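Since this is a predicted model, take the numbers as computed values, not measurements. Numbers restart at 1 for each chain; the letters A, B, ... are given by sequence-line order, proteins then strands.
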Number of protein chains: 2
Amino acid sequence: MKVTINDVAAKAGVSIKTVSRVINNEPSVRPATKKKVMDAVKELNYQPNLAARNLAGTRSYTIAFIYDNPNAYYVIDMQNGILDACKARGYELLIHPSNSKSPDVHKELEDLVEHSKVAGLVLTPPFSETPEVIETVKKLGVDYVRIVSSEAAQKDEDNCIQVDDSSAAYELTKHLLDQGHKRIGFLCGGEEHVSTHGRLDGFKRALQDGGIAPQQELILKGEYSFDSGVQGAKKLLQSDNPPTAIFASNDEMAAGALFAARLMNIDIPAQLSIVGFEDSPFSRQTWPKLTTAHQPNNEIAKCAAALVLSKARSKGAAESGSASKEAGIQRTFTPSLVERDYSGPAPS
Amino acid sequence: MKVTINDVAAKAGVSIKTVSRVINNEPSVRPATKKKVMDAVKELNYQPNLAARNLAGTRSYTIAFIYDNPNAYYVIDMQNGILDACKARGYELLIHPSNSKSPDVHKELEDLVEHSKVAGLVLTPPFSETPEVIETVKKLGVDYVRIVSSEAAQKDEDNCIQVDDSSAAYELTKHLLDQGHKRIGFLCGGEEHVSTHGRLDGFKRALQDGGIAPQQELILKGEYSFDSGVQGAKKLLQSDNPPTAIFASNDEMAAGALFAARLMNIDIPAQLSIVGFEDSPFSRQTWPKLTTAHQPNNEIAKCAAALVLSKARSKGAAESGSASKEAGIQRTFTPSLVERDYSGPAPS
DNA sequence: AACCGGGATGACAACGCTGTCATTTCGACT
DNA sequence: AGTCGAAATGACAGCGTTGTCATCCCGGTT
């Protein structure tokens, strides 16, 4: 049958409590003893029983992943990253699709935390950027890490993994400017996403630094969807003085913009350049491939999970104050330019 | 703190064992007693502690979802369906991305089952259609349910939720034939998917029933990807005698075909009809929208999970032989035609 | 050489539930 | 009313781990 802590203790010639100490990295175990135990663990391929740990211990070995982003690629990427981090540390993952706009969210969160005894929460946008939700989470006193666009991180940096949308958008815009584009259309994502504002901000800053006056008529509101990209691009391209480039706030919109351009028989990239954002599989499934900003969602999620786990752990073990600034966990990510087929110099 | 079985027992004036009997639906509890207990449960909002259940009981309250399909939409849909079923029955879900082609699969599965003490497995294609993998799962003696294309279900119907690709493809093809199309191109999905063969089979049958001779040159091998759709459609449309309609084996390929047609300035649906398969968000993110066969992945997954849970339960409880044919769980799904913008009568 | 203090270790209860088995209850039949 | 058997219920021991607290051992003091 399954190998338990008793087997390990017997093999190592110590008590189960000592084994427990070793696998939990508690102090007061002589190096020699520790080695004996670790050898036994390895030899028997022992792995602590999660159910028993959860039951007996004060801390839990489960964290939850909460999301309400409709983009499947995004969610899967994040989920896999978190899963990796959990596996590495012997934790379990509870998947919790939710809806930040629903009035039940608060009770839902409460139930999740109280009932399931989770050690921590990983939140992604737009859920992670909804103030009331964060408020509730804070009140619950559970450890959490929010993955957010930098602008949304202000108040509790310590619980955030940030994505610097503004800087990335700046870089992307600069790329277009460098290629001679003077009129660049901008398709905004949904208002509820902080990233929408960050990306727009970066875009504007780059324009300004490039000495180009604001062109309000080229900035269009929208949503992070294909349809929205189609509509926005159409509007831009049908205007009297159409832009020579379009900055779409994500790849899906860029694919939409691309589609619209095709419909209008516009040659790409000769007449029009298009850039996306995120580097989702979407940008590669379009054809030819989109120039975009690569956002390492998998890695971001892994760091978020690692961070929340380290919080949960340090809390459980030594209450040694300095636990917060975890070494080795990257806190800020700036998506970086990936130049592909869909952008080129401005037409002369 | 948390409300436990003891609180319920106290409130109801019975022993904890009786409470246990009630919440597990075991026999030999007087209706009056049962009611008392249920009332107490409701009043206290009691929910059994999963860790304790897992630890104490012989059966486990965790099932695993194993997949290796790269399509995020597909996976998320399935996952949500399974999650629903689990929640409804108080089970926990273990997410396990895998790779049916990796040589480590067997050991991986073994570890998963032995170590994590899962009550059941839900498998999706192509993982669920890989013979060696199924072999391993069977050997492990764990309950499982495979979601498969009907053709792959032969041997162990009892553990399958089937998707009748052939019939659905037949219907879709018939739809095209009814509109007067005589030359229809067919873009195959990846060989490793049984659905690829089922869909082709349905296509051929419909053609035959429609009195149209096989046109081998119109059937192209491919993969379930956008790129593959682009390539295939290009090839078809550049031939001497191009088809008036294209049956793409999934929506992603259809989107690719659509894209290729646009590039070649082919008017749709006037000159060419395109149909997809699956009704993934993809088919709606394309624009205008694709005609396709709606495959209710969410529902399918829910049934699969319900089935595996009923297996696990019946095994744990009364070993009453007849447990297998679960009432009320749909076993076969036939995706059904969803007519949208991208198909029309054949050009005259 | 006896003594002390603190690090190292172990014994044992507890976590919340299920499984086993003993005990009680109840209706039906003498 | 007394007896019997099955149904209903409960007492109690685990499940594999952690937390608490007692014990042991050791080097350093006096």
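Here A/Ser28 reaches the OP1 or OP2 of C/dA8: one of its side-chain N or O atoms lies under 4.0 Å away. OP1 or OP2 of C/dT18 lies within a sub-4.0 Å distance of a side-chain N or O belonging to B/Ser20. Proximity of B/Thr58 to the phosphate of C/dG19: a side-chain N or O atom is located under 4.0 Å from OP1 or OP2.
Rounded to an integer number of Å, the gap from CG of B/Asp7 to P of C/dC15 is 11 Å. Residue A/Ile23 contributes atom CD1, which lies 16 Å from atom P of C/dT9 at whole-angstrom precision. When the C1' atom of C/dC15 is taken as reference, atom CZ of B/Arg53 falls 16 Å away, rounded to whole Å. One atom, CD of A/Glu26, and another, C1' of D/dT17, lie 12 Å apart when rounded to the nearest Å. The nearest whole Å value for the distance from the CD1 atom in A/Ile5 to the C1' atom in C/dT9 is 14 Å. For the pair B/Asn54 CG and C/dC17 C1', the computed distance is 10 Å after rounding to whole Å. Between B/Arg59 atom CZ and C/dG19 atom P there is a gap of 6 Å when expressed in whole angstrom units. Between the NZ atom of B/Lys2 and the C1' atom of C/dC17 there is a distance of 12 Å, given to the nearest Å.
The C1' atoms of five pairs define one axis at each end of the helix from C/dA1-D/dT30 to C/dT30-D/dA1, and these two axes lie 60° apart (to 10°).
Legend: residues meeting side chain to side chain donor-acceptor pair (under 3.5 Å) with B/Asn49, ordered by chain and number and at least two apart, are absent. With sequence neighbours excluded, the residues forming a ring-ring contact (aromatic ring centres under 6.0 Å, His included) with A/Tyr67 are A/Phe65, listed by chain and number. With sequence neighbours excluded, no residue satisfies side chain to side chain donor-acceptor pair (under 3.5 Å) with B/Asn69. With sequence neighbours excluded, the residues forming a side chain to side chain donor-acceptor pair (under 3.5 Å) with B/Gln162 are B/Ser150, listed by chain and number. In this structure B/Ser60 satisfies the side-chain contact (heavy atoms from CB on, under 4.5 Å) test together with B/Asn54, B/Thr62, B/Lys117, B/Ala119, sequence neighbours excluded. The ring-ring contact (aromatic ring centres under 6.0 Å, His included) search around A/Tyr73 returns B/Tyr73, not counting sequence neighbours.
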Could you pull out every donor-acceptor pair under 3.5 Å between side chains of residues 31-46 of chain A and any protein atom, sequence neighbours left out?
| residue | atom | partner | partner atom | Å |
| --- | --- | --- | --- | --- |
| A/Lys35 | NZ | A/Asp39 | OD2 | 2.8 |
| A/Glu43 | OE2 | A/Lys11 | NZ | 3.4 |

Side chains of residues 83-91 of chain B: which donor-acceptor pairs under 3.5 Å do they make with residues two or more places apart or in other chains?
| residue | atom | partner | partner atom | Å |
| --- | --- | --- | --- | --- |
| B/Arg89 | NH1 | B/Ala85 | O | 3.1 |

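No side-chain heavy atom of A/Pro48 sits under 4.5 Å from any side-chain heavy atom of A/Ile5. B/Ile66 is not listed as a side-chain neighbour of B/Thr124, based on a closest heavy-atom distance of 4.5 Å or more. Under the 4.5 Å side-chain criterion, counting only non-hydrogen atoms from C-beta, B/Glu92 is in contact with A/Glu92. Put simply, the side chain of A/Thr136 does not reach to within 4.5 Å of the side chain of A/Val105, judged on heavy atoms. Side chains of A/Lys302 and A/Ile82 form no contact here, defined as non-hydrogen atoms less than 4.5 Å apart.
Using a 4.0 Å heavy-atom distance criterion, A/Pro27 is classed as making no nucleic acid contact. Across all strands shown, B/Asn24 has heavy atoms under 4.0 Å from sugar-phosphate atoms exclusively, and none from any base.
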Scan nucleotides 10-13 of chain C against the protein and return all N/O pairs shorter than 3.5 Å with their distances rounded to 0.1 Å.
| residue | atom | partner | partner atom | Å |
| --- | --- | --- | --- | --- |
| C/dG10 | OP2 | A/Ser15 | N | 2.8 |
| C/dG10 | OP2 | A/Ser15 | OG | 3.1 |
| C/dG10 | OP2 | A/Thr18 | OG1 | 2.6 |
| C/dG10 | N7 | A/Arg21 | NH1 | 3.3 |
| C/dG10 | O6 | A/Arg21 | NH2 | 2.6 |

Write out a two-atom table: protein N or O, nucleotide N or O from nucleotides 24-26 of chain C, distance below 3.5 Å.
none

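Near-neighbour residues of DNA chain C inside residues 31-44 of chain A, defined by a heavy atom below 4.0 Å, number-ordered: A/Thr33.
Among the nucleotides C/dT18, C/dA8, C/dG16, the one closest to any side-chain atom of B/Tyr61 is C/dT18.
With hydrogens and angles left out, the side-chain atoms of A/Asn159 and A/Lys138 include no donor and acceptor closer than 3.5 Å. Side-chain polar atoms of A/Glu299 and A/Gln330 form no donor-acceptor pair below 3.5 angstrom.
In terms of position along DNA chain D, the nucleotide closest to B/Val29 lies nearer the 5' end than the nucleotide closest to the other residue of the pair B/Ala52 and B/Val29.
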